[in-house]
Amino acid sequence: MLATLLVSALALGCKCCESPRCAQDPGSPRQPAGEQDAEHPGRKNPGDAGGPSQDAAPAPQTLDRFVDDSQRFALRLPAGWRRMTPDEGRSLRAGGRTQVPAEFLEPEPPRYLVFGPIDRWLAGTFDGRALTLAESDGEPDVGPSGIADVKAHWESVTQRGTTVVVERLEVGSVGTEAHPALLGRLRVGAGTDAHTRFDAYVPSGGQTYCFALTWPAADAAAGEAEFTAMCRSIGMASKARGPVHFGSKLLWAALFGLGIGVVLHSVRKRARG
C-alpha cells in the first residue's frame with residue numbers, strides 16, 4: 001500500500017512540467033445565488049456568502065460565480081475571470097510570444113485548473129494575476145502539524161534557490177459553513193521580482209484542494225481583499241475525513257510539485273516583460 005501511495009505522489013509531483021492530457025468542454029454549470037446545490041443539499045451556494053468584516057482590506061471588485069464541472073467545489077471569481085481550457089493553453093504556447101508563464105498554460109482538468117482574465121491573456125496581456133486549483137490525494141492536519149509541514153516545504157524550496165517567505169499561515173475556514181482550512185500568505189522572490197501569493201489548503205472528501213492566488217506585490221492589499229472574498233464564497237461538496245498521518249510530506253510534494261518555487265518566481269518577471 002505504501003509503495004502504491006509513493007508512486008501516486010511522485011506521479012502528481014511534476015504536473016507543472018507535463019503536457020495536458022485532454023481538452024474539456026470550456027463551459028461550466030451555473031446556479032442562481034441563494035439556492036442550495038441540488039446534488040449536495042446540505043451545502044449552500046457561494047452566492048450566500050456574507051459581506052466583508054469591518055476591518056477587511058479594500059473592497060474587491062464584483063465577483064462571478066464558478067461551479068466545478070464535477071461538483072467538487074464552487075467559488076466566486078473576480079469580474080472577467082474564467083477557467084482556461086487545455087486548448088486555450090496549447091494555443092498560447094503554440095504562439096510562442098505570450099507573456100503568460102508556461103505553468104499557467106498547462107491546465108490538466110480535473111486535477112489542475114487555471115483561472116484568470118483568460119480573454120486578456122489571449123489578446124496578449126498578462127498583469128501577474130492568476131488563480132490555480134491543485135487537487136491531491138490525502139488530507140493534511142488542519143492544525144500545528146499541517147502548518148509545520150507547509151512551512152517545511154517552503155523552506156526546502158528556498159534552499160533550492162527560490163526565496164519563499166511565509167508571511168502568514170494559520171488555521172481558518174472557508175465558506176459560509178466554516179469548512180476548516182489552512183490559510184496562508186507568501187512572498188515569493190526578492191526585490192523588484194517579488195510577488196505575493198495567497199493560499200487556501202482545503203481538505204475535502206479525502207482530498208486536498210489548494211487554491212492559490214498569485215498577485216503583484218505592489219498591489220497586495222487588493223489581492224488580500226480578493227482572496228478574502230473568494231475564501232468566503234468557497235463551497236465544498238464533502239466534509240473533511242481526517243489527516244493522513246503516514247504521508248504528509250508526500251502529500252505536500254505532490255500538491256505543490258517539485259518545481260513550483262521556480263514557477264512562482266517566474267511570474268513577476270514575465271508580467272514585467
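Numbering of residues begins at 1 and proceeds along the displayed sequence.
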Original post:
Do Trp121 and Val114 come close enough that some side-chain heavy atom pair is under 4.5 Å?
Top reply: yes
Hits for side-chain contact (heavy atoms from CB on, under 4.5 Å) against Pro180, two or more places apart or cross-chain, chain-then-number order -> Val142
Taken in chain and number order and not counting sequence neighbours, the residues that satisfy side-chain contact (heavy atoms from CB on, under 4.5 Å) with Ser156 are His153, Arg160
| task | Indicate yes or no: at least one non-hydrogen side-chain atom of Val174 is less than 4.5 angstrom from one of Phe73. | result | no
By side-chain contact (heavy atoms from CB on, under 4.5 Å), Ala200 pairs with (sequence neighbours left out) Leu183, Val202, Phe211, Phe227, Cys231
Here the pair of heavy atoms bringing Val171 nearest to Gly143 is CG2-CA, 3.8 Å
Next item on the list: Could you tell me whether the side chain of Ser204 and the main chain of Met236 form a donor-acceptor pair under 3.5 Å?
Entry: no
When Thr132, Leu213, Leu133 are each screened for side chain to side chain contact (heavy atoms under 4.5 Å, CB included) with Phe115, the one that passes is Leu133
May I ask you to decide if Gly205's main-chain N or O and Ser238's side chain share a donor-acceptor pair within less than 3.5 Å? no
* Asked: Got a salt bridge between Arg83 and Asp69, using NZ or NE/NH1/NH2 to carboxylate O under 4.0 Å?
  -> yes
For Glu167, the salt bridge (Lys or Arg N to Asp or Glu O under 4.0 Å) test, sequence neighbours excluded, returns Arg185, Arg187
Residues passing the salt bridge (Lys or Arg N to Asp or Glu O under 4.0 Å) test with Arg241, sequence neighbours excluded, are none
Please check: side-chain N/O of Ser145 versus main-chain N/O of Asp141, any donor-acceptor pairing under 3.5 Å? no
Checklist line | Side-chain donor/acceptor of Thr208 to backbone N/O of Gly138, under 3.5 Å | finding: yes
Answer yes if Trp154 and Val165 sit in the same cluster of Ile, Leu, Val, Met, Phe, Trp and Tyr residues linked by side chain heavy atoms under 4.5 Å apart, and no otherwise.
no
In short, salt bridge (charged side-chain N to carboxylate O under 4.0 Å, His left out) pairs touching residues 206-220 with sequence neighbours left out are Arg129-Asp219
* Quick one: does Met84's side chain get under 4.5 Å of Leu92's, heavy atoms only? -> yes
Angle between ring planes, Phe104 versus Phe126, binned at 30° and 60°: parallel, tilted or perpendicular?
tilted
inquiry  = So that I can tick it off, tell me whether Asp149 and Lys151 are bridged by a salt bridge, with the cut-off set at under 4.0 angstrom between side-chain N and carboxylate O.
reply    = no
Taken in chain and number order and not counting sequence neighbours, the residues that satisfy side-chain contact (heavy atoms from CB on, under 4.5 Å) with Ala240 are Glu139, Pro203
Decide salt bridge (Lys or Arg N to Asp or Glu O under 4.0 Å) for Arg168 and Glu224; before the verdict, give the C-alpha distance in whole Å, the side-chain angles of both, and the deciding distance to 0.1 Å.
CA-CA 12 Å; Arg168 184 179 69 248; Glu224 183 91 46; 2.8 Å; yes
Of all heavy-atom pairs linking Glu170 and Ile147, the shortest is CA-CD1, 4.1 Å
Smallest heavy-atom separation, Leu77 atom then Leu131 atom, equals CD2-CD2, 3.7 Å
Worksheet item: Quick one: does Ser91's side chain have a donor or acceptor within less than 3.5 Å of a partner on Glu88's backbone?
Response: no
Item to check | Heavy-atom check, side chain of Leu113 versus side chain of Pro107, under 4.5 Å | outcome: no
Within-4.5 Å side-chain heavy-atom neighbours: Thr196 and Leu186
no
**Request:** May I ask you to say whether Arg72 pairs ionically with Glu135, meaning some side-chain N is under 4.0 Å from a carboxylate O?
**Result:** yes
Can we say Arg111 and Asp137 salt-bridge, meaning some charged N sits less than 4.0 Å from an Asp/Glu carboxylate O? yes
>> Could you tell me if the side chain of Trp81 sits less than 4.5 Å from the side chain of Phe66, heavy atoms only?
In response: no
Flag the pair Val166 / Val150 as yes when at least one side-chain heavy-atom distance between them is below 4.5 Å, and no otherwise. no
What one should report as the nearest heavy-atom pair of Gly223 and Phe198 is C-CE1, 3.6 Å
| field | Trp215 vs His195 side-chain heavy atoms within contact, under 4.5 Å | value | no
